[in-house]
Amino acid sequence: MVEELGEQSERPLSITDQLTSEYNTVFNNKDLIEPDTIVDEDRIVGRDEQLNRVINIIKPALHGDQPEDMLLRGPSGTGKTLIAGTVATKAIKIGASRDVQMEFVEVNGKHKKSEHEAIHQITHAFERELDLEYTSKTGVSTSSRYDRLFDIVDEYLDFGIVILDELDLLVGDSRNKDEPPAFSDILYKLSRAKRIGKMDSSFTLIVTTNSPNSLMSGLNSRTDSTFNPTEVSFADYNANELREILSHRRDAFYEDALDDDVIPYVAAVAAQGEGDARFAIDLLREAGNIANRREMQTVHKSHVEEAKNQVEKNYVVDVIENVSFQKQVSLFAAAVVNLYGQTELGRSDYLTEMSAPATVAHTLYNWITDHEDIEQRSKHSFLRWMRELDTYEVIELNRKGRGNEMGVFAEYIFHNLSAEAMVETLADKDKRFANVLEDEELLKSVVQTNLKNF
DNA sequence: ACTCCACTGGAAATGAAGGCAG
DNA sequence: CTGCCTTCATTTCCAGTGGAGT
């Protein structure tokens, strides 16, 4: 606690000076283009049909009837979560004015590892919304987590809305193939609780997914018979819709802070990719940030061009920051090998430049963990983590051969975020990484010796 | 087609953390 | 406090895989 205060370093300008200096921004209301903002209904574009359907499905809740569960399907950034969240928020407001106690919570399957964790998160979110005392996560069976959840809904709510975002990603422990994925159990237990009438009150499930097929085929037969959602499809936005979406959020910026061609350009760039509205909005915001940093009054097309890189980088940085410490160490080791090993890497025929061979990266992992007194895990774990980071597209993993009867090896390539940026990001985040970098010459020679011996 | 070897991937085992009952 | 239980991360064991040169 006390340590946090001790970190102040000397600054050229006093804090007061800096805080009171002229504030230059192109943003009038930045909230409008923050990722998680739930916007007014009139800012929702090109999704009239979906909006109507979701509204009609939720509506019975306001009259004491049980709404259908919903499955919102479509690629990412097509407004699924936005619409679910917006309608839920509105419904809660209306409910409150009619003395119907409602609440909604949202969990994203992407960030959850297991059934237990997901249920805990839902329970925890309700506890927070309702100002209840938090109950602990570990040391308690999953089924008692469910019970706590049902108790809360029963006791404090007339109706709950649970949004399960990107649920197909919540596969849980994939060790046993015969076991259904985690989301199957979650859906089964939640929808069963309603049907069986465990509670006086009830809730509805809104599931969103990019790949409805893998979701529905992952359900086992029990779940299948209890979970029968109404499906609503969402398609990619086209450039026109993206343009309109962005125009509706134009007032995030000051009147003349946007060049005329900025919004069409952002829309075109985003439509070229995936038709992902989130990406479009991130891009617009980042372009604004860049203009601000340059202390310019207006955002230009060229800022968007620059922002493109930044946004893609941010996605990777976001992943590395949310990954466990051991995985960060592994990544750091691989990045260091890549960064300091260039000369050696270029020398060999079977090594790609800008890569790091797994074996050497692992040796460095061991070296770093020794050096910084970090707990050391097995090679197997190291390899698994790196594979995992490959599936997150943080790095690219290639399998290569070493030549005659020398076997194959894996090499890690840094595409989306350069090894240098990766090392910097991590060194920024944790002192121990920065420590390792201090002795640059030593580190360099360790890397190169190991590459030579490889 | 074969060989070598580092990696892969599944399954089972182990160990740690932490709440709960007695 | 002790023994027990659940979940989760990691380790251990083991049977493949596959790149590339012969």
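Here the structure is a predicted model, which is why all the values come from computation and not from measurement. Residue numbers start from 1 in every chain, and the chains themselves are labelled A, B, ... in the order their sequence lines are given, proteins ahead of strands.
With B:dA6, C:dT12, C:dT7 as the choices, the nucleotide that has an atom nearest any side-chain atom of A:His116 turns out to be C:dT7.
Considering only residues two or more places apart in sequence or on other chains, A:Phe325 meets the ring pair (Phe, Tyr, Trp, His ring centres under 6.0 Å) condition with A:Phe433. Listed by chain and residue number, nothing satisfies the ring pair (Phe, Tyr, Trp, His ring centres under 6.0 Å) test with A:His380 (two or more places apart in sequence, or in another chain). Listed by chain and number, the residues in a ring pair (Phe, Tyr, Trp, His ring centres under 6.0 Å) with A:His120 are A:His124 (sequence neighbours excluded). Checked against side-chain contact (heavy atoms from CB on, under 4.5 Å), A:Asn416 has the following partners two or more places apart in sequence or in another chain: A:Val316, A:Glu393.
Counting any heavy atom pair closer than 4.0 Å across all strands shown, A:Leu397 reaches sugar-phosphate atoms only and no base atom. At a threshold of 4.0 angstrom between heavy atoms, the contacts of A:Ser324 with the nucleic acid are absent.
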Can you check each nucleotide of nucleotides 15-22 of chain C against protein heavy atoms at under 4.0 Å and return B for base, S for sugar-phosphate only, - for none, in 5' to 3' order? --BBBSBS
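No hydrogens or angles considered: nothing links the side chains of A:Glu129 and A:Tyr156 as a donor-acceptor pair under 3.5 Å.
Using a 4.0 Å cut-off between charged nitrogen and carboxylate oxygen, A:Glu231 and A:Arg73 count as a salt-bridge pair. A salt bridge does not link A:Glu34 to A:Arg249: none of the charged nitrogens lies less than 4.0 Å from a carboxylate oxygen.
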Could you go step by step and tell me if A:Arg145 and A:Thr135 meet the side chain to side chain contact (heavy atoms under 4.5 Å, CB included) rule? CA-CA 9 Å; A:Arg145 293 276 71 203; A:Thr135 45; 2.7 Å; yes
Between the protein and nucleotides 18-22 of chain B, which nitrogen or oxygen pairs come in under 3.5 angstrom?
| from | atom 1 | to | atom 2 | distance (Å) |
| --- | --- | --- | --- | --- |
| B:dG19 | O4' | A:Gly139 | O | 3.1 |

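The distance from atom NE2 of A:His362 to atom C1' of B:dC7 is 13 Å, rounded to the nearest whole Å. Remark: C1' of B:dA6 and OH of A:Tyr412 are 11 Å apart, rounded to the nearest angstrom. The interatomic distance linking A:Lys379 (NZ) with C:dC13 (P) rounds to 17 Å, in whole Å. Whole-Å rounding puts the A:Gln121 CD to C:dT7 P distance at 18 Å.
Here A:Thr359 reaches the OP1 or OP2 of B:dC7: one of its side-chain N or O atoms lies under 4.0 Å away.
Pairs passing the salt bridge (Lys or Arg N to Asp or Glu O under 4.0 Å) check and including a residue from residues 361-374 of chain A, sequence neighbours excluded, do not occur. Applying the salt bridge (Lys or Arg N to Asp or Glu O under 4.0 Å) test to pairs two or more places apart or on separate chains, those with a residue in residues 270-284 of chain A are A:Asp282-A:Arg285.
Two residues are said to be in side-chain contact when any heavy atoms from C-beta on lie closer than 4.5 Å; A:Leu167 and A:Thr209 fail this criterion. The shortest distance between side-chain heavy atoms of A:Val207 and A:Asp168 does not fall below 4.5 Å.
For the contact set between residues 381-396 of chain A and DNA chain C, defined by any heavy atom under 4.0 Å, the members are A:Ser381, A:Arg384, A:Trp385. Near DNA chain B, defined here as any heavy-atom distance below 4.0 Å, there are no residues from residues 368-378 of chain A.
Note that the two end axes of the helix from B:dA1-C:dT22 to B:dG22-C:dC1 enclose an angle of 10°, each drawn from 5 base pairs, rounded to 10 degrees.
Around the NZ atom of A:Lys189, the shell of radius 6.0 Å holds more than 12 heavy atoms that belong to other residues, nucleotides or ligands.
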Show the atom names and distances, to 0.1 Å, of all donor-acceptor pairs under 3.5 Å that link a side chain in residues 158-166 of chain A to residues at least two apart or in another chain.
| from | atom 1 | to | atom 2 | distance (Å) |
| --- | --- | --- | --- | --- |
| A:Asp158 | OD2 | A:Gln101 | N | 2.7 |
| A:Asp165 | OD1 | A:Thr81 | OG1 | 3.0 |
| A:Asp165 | OD1 | A:Thr208 | OG1 | 2.5 |
| A:Asp165 | OD2 | A:Thr81 | OG1 | 3.1 |
| A:Glu166 | OE2 | A:Asn108 | ND2 | 3.3 |

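Atom OH of residue A:Tyr237 and atom CG of residue A:Leu242 lie 8.0 Å apart, to the nearest 0.5 angstrom.
When each of A:Lys379, A:Arg377, A:Gln376, A:Gln326 is paired with A:Tyr365, the side-chain hydrogen bond (donor to acceptor under 3.5 Å, both in side chains) condition holds for A:Gln326 and for no other.
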